[in-house]
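Accompanying notes for the structure given below.
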Amino acid sequence: YDGKRPAVEDLTFTALPGQTIALVGPTGAGKSTAIALLHRAFDPQSGFIKIDGMDVRGLKLAALRRNIGVVFQEALLFNRSIRENLLVGKPDATDEELRSAAARAQALDFIDRAEQGFDTNAGERGRMLSGGERQRLSIARALLKDPPILILDEATSALDAVTEAKLNAALDEVMKDRTTFVIAHRLSTIRKATRILVFENGRVIESGTFDELVAQGGHFAELAKAQFMVQESARSALGASASDGPTVKA
Ligand code: ADP
C-alpha cells in the first residue's frame, strides 16, 4: 500500500470449483488484502490471479464482479426498503425469488414480522436492523446474485446461540456449490473448509485442513487451543451441541 513493505508476499494457492478456502490469522496479517486482490479492489505489484485460467486483469471489471459475490461483516445496506436492498443482488428478481432467497438466508421470519414486510426501511446503513439481520440480508442478496465465486468476511462479534444457528444455516446455503474464500473467525466454518491458509505478517505460514494443521502442532494448533477451545467451552456451557467441536487435545 505504501510502497515500503508489501501487505502480502509469496502468496500462492489454487482453489478448485466448489472448494472453501478459509483465511485465518491476526489482524493486519494480510487476509483482506488477499481478498481485495481477487476482486480487483487493487492489482498486485507482481504476480497474477487467474480465474478459469484467465488473468483477472484481462476481464472486464463488470464481468469479474458479476461472478463474485461479497458478504462482508458490515453488510453494505442503503437507507431504502429491504426489497430495494435485496434487489441489488438481482435487479429483476420477482417477489417469489425475493421470498425464496430471504427464506434460504433465514431472513424471512424477521422480514415478515416487520410491520411493512419487504417495504420496511433498513435505515441508514441498515441501522434499523440488528447485526445478525444485516448479515442475513447480505446473504440473501448474494443468493439472488448467485455468483460462482463467493467472498465472505465472517463476523467477529459473539452471537447468541439462536442467531448463530440461523447464521450457520444461511452460510451453509450460500456456500453450497460455490467456490468460497472466507475470512474466517468461527470454528464451524474453519473446520468445514477444504483448506485453511494461516496468515502472518503478509505470508501464509501454514496451510492444510483443520485436522492436518492441528496434527502439525504449529501456529494454527496453538490458535485452535487458545481461541476455539474457549468458544467450545462457552458453547457446552450453553448446552448447545458439541458436534462442531474441535478434535484438539490440550
Ligand atoms: P487482515 O485482513 O489480515 O487484518 P489486511 O490485509 O487488512 O490484514 O492488512 C495487511 C497490511 O496492510 C497491514 O499492515 C495493514 O495495516 C495494511 N493495510 C491494509 N489496508 C491498507 C490500506 N488501505 N492502506 C494502507 N495500508 C493498508
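Given the structure is predicted, the values throughout are model-derived calculations rather than measurements. Basis for what follows: all heavy atoms, side chains included, without hydrogens, waters or symmetry-related copies. Remember, it's 1-based here, ligands and their atoms both numbered in the order they're listed.
Counting only distance, with no hydrogens or angles, the side chain of Arg136 and the backbone of Ala107 share no donor-acceptor pair below 3.5 Å.
Near ligand 1, residues Tyr1, Arg5, Ala7, Pro26, Thr27, Gly28, Ala29, Gly30, Lys31, Ser32, Thr33 come within 4.0 angstrom through at least one heavy atom.
A salt bridge does not link Lys31 with Asp153: every distance from a Lys NZ or Arg NE/NH1/NH2 to an Asp or Glu carboxylate oxygen is 4.0 Å or more. Between Asp2 and Arg5, no side-chain nitrogen of the basic residue sits less than 4.0 Å from a carboxylate oxygen of the acidic one, so the salt-bridge criterion is not met.
Counting heavy atoms from C-beta outward, Arg40 and Arg57 have side chains that approach closer than 4.5 Å.
Residues satisfying the side-chain hydrogen bond (donor to acceptor under 3.5 Å, both in side chains) test with Glu9, not counting sequence neighbours, are Arg203.
Across every non-hydrogen atom of Val24 and Ala184, the tightest pair is CG1-O, 3.8 Å.
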